[in-house]
Amino acid sequence: MAKLREVAQVVAKLVDAWGPDNVDYATIWLARGKKVDDLKEFIERFAKDPEKTLQYLEELRQVLHKYIKPKGIKPPAKEPQSARMVNPDLTAEKVEVLSILQALEFADYSEKAKEKALGKLTSMLEELSKEELTPENLQKIGLVAFAVEIIKRGEFERAEEIKRL
């Protein structure tokens with residue numbers, strides 16, 4: 001019972017940090033998560049408190065490992081530090097891209113406004129591609145390229161995805 005209680009306490013903390021507060025949001029959250037293959041990415045994008053969720057998930061792994069280790073199950077290898085996202089804070093670029101998309105919205109997505117937005121974003125891509133290729137720069141290029149694609153396809157509602165970064 002003591003072992004079960006210890007596991008249950010960690011699971012309770014994990015669920016509290018992870019889970020949304022209402023059922024409707026939980027349904028949407030789980031539906032969107034079907035497109036995410038990486039658990040860490042899923043938690044970072046959708047958990048109520050990603051930092052605590054990851055912390056409690058690791059704590060749960062350790063507690064479970066303590067009890068299943070005698071059965072020969074080994075914990076997974078740690079993710080190498082270099083494999084993590086290098087620059088999750090794209091604030092300046094994000095603000096610029098969102099400003100362009102919002103200006104496009106204010107112009108009622110007219111053809112002329114789309115051309116201007118694509119011109120500005122293409123010019124940003126040209127400048128970014130002249131810089132040294134680093135993980136941070138590649139993230140900036142990806143953000144701008146994503147904005148170009150949603151304009152070309154007319155999928156302006158996807159700007160919300162940029163806002164969540």
Side-chain angles (χ1 to χ4, degrees), residues 13-21 25-26 28-62 64-65 74-165:
K13 290 190 296 187
L14 176 64
V15 168
D16 185 51
W18 179 313
D21 292 329
Y25 188 69
I28 294 167
W29 178 71
L30 291 170
R32 288 182 180 165
K34 288 180 184 175
K35 298 176 185 172
V36 180
D37 292 330
D38 180 52
L39 179 60
K40 184 173 186 253
E41 178 187 346
F42 180 81
I43 291 169
E44 288 172 344
R45 287 178 60 190
F46 298 108
K48 182 170 61 175
D49 188 337
E51 188 175 316
K52 283 186 179 179
T53 301
L54 290 169
Q55 174 190 337
Y56 296 145
L57 194 57
E58 174 61 20
E59 188 177 331
L60 177 61
R61 187 200 65 76
Q62 289 173 2
L64 290 174
H65 177 67
K74 296 181 181 176
K78 291 261 183 181
E79 176 185 1
Q81 190 74 13
S82 61
R84 295 194 180 144
M85 293 248 328
V86 177
N87 184 18
D89 184 19
L90 296 170
T91 307
E93 290 75 19
K94 179 179 160 183
V95 167
E96 190 166 1
V97 167
L98 287 172
S99 296
I100 292 168
L101 292 171
Q102 189 162 29
L104 191 55
E105 180 184 355
F106 289 144
D108 289 326
Y109 306 107
S110 73
E111 288 304 313
K112 186 174 181 177
K114 288 180 197 175
E115 287 175 24
K116 285 185 177 183
L118 287 171
K120 176 66 177 165
L121 292 167
T122 301
S123 137
M124 287 173 66
L125 280 173
E126 288 171 5
E127 289 302 311
L128 287 167
S129 67
K130 291 177 185 175
E131 295 176 15
E132 178 185 351
L133 187 60
T134 63
E136 295 90 351
N137 191 29
L138 191 57
Q139 284 183 331
K140 294 174 189 177
I141 290 169
L143 174 67
V144 177
F146 180 75
V148 168
E149 285 303 308
I150 65 174
I151 292 171
K152 285 181 179 178
R153 293 187 200 142
E155 297 174 354
F156 305 109
E157 68 281 355
R158 293 196 70 191
E160 292 299 315
E161 294 176 47
I162 296 172
K163 290 177 184 177
R164 289 192 302 264
L165 289 177

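Just so it is clear, the values below take in all heavy atoms, side chains as well, and ignore hydrogens, waters and symmetry mates.
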Sequence-distant partners of Lys114, salt bridge (charged side-chain N to carboxylate O under 4.0 Å, His left out), two or more places apart = Glu111

ask   = Quick one: does Glu93's side chain get under 4.5 Å of Leu128's, heavy atoms only?
value = no

List the atom pairs, with distances to 0.1 Å, where a side-chain N or O of residues 153-161 and a protein N or O form a donor-acceptor pair under 3.5 Å, not counting sequence neighbours.
unit_1	atom_1	unit_2	atom_2	d
Arg158	NE	Glu161	OE2	2.7
Arg158	NH2	Glu161	OE1	3.2
Arg158	NH2	Glu161	OE2	3.4
Glu160	OE2	Lys163	NZ	3.1

task = Examine the side chains of Gln62 and Glu58 and answer whether a donor and an acceptor come within less than 3.5 Å of each other.
result = yes

message = Return the CG to CG distance between Leu143 and Leu138, rounded to the nearest 0.5 Å.
response = 11.5 Å

Side chain to side chain, Lys140 and Met124, heavy atoms closer than 4.5 Å = no

key: Residue pair Leu104 / Ser110: nearest heavy atoms and the distance that separates them   = CD1-O, 4.5 Å

request  = Under the salt bridge (charged side-chain N to carboxylate O under 4.0 Å, His left out) rule, collect the residues that match up with Lys130, sequence neighbours excluded.
outcome  = Glu127

ask   = Would a 4.5 Å heavy-atom cut-off, applied to side chains only, mark Glu132 and Asn137 as touching?
value = no

remark   = Smallest heavy-atom separation, Leu121 atom then Ala147 atom, equals CD1-CB, 3.9 Å

inquiry  = Using 0.5 Å steps for rounding, measure from the CD1 atom of Ile151 to the CG atom of Leu118.
reply    = 5.0 Å

message = Counting C-beta onward and ignoring hydrogens, is there a side-chain heavy-atom pair between Val97 and Leu101 closer than 4.5 Å?
response = yes

Nearest-0.5 Å distance that lies between atom CG in Leu54 and atom NZ in Lys52 = 13.0 Å

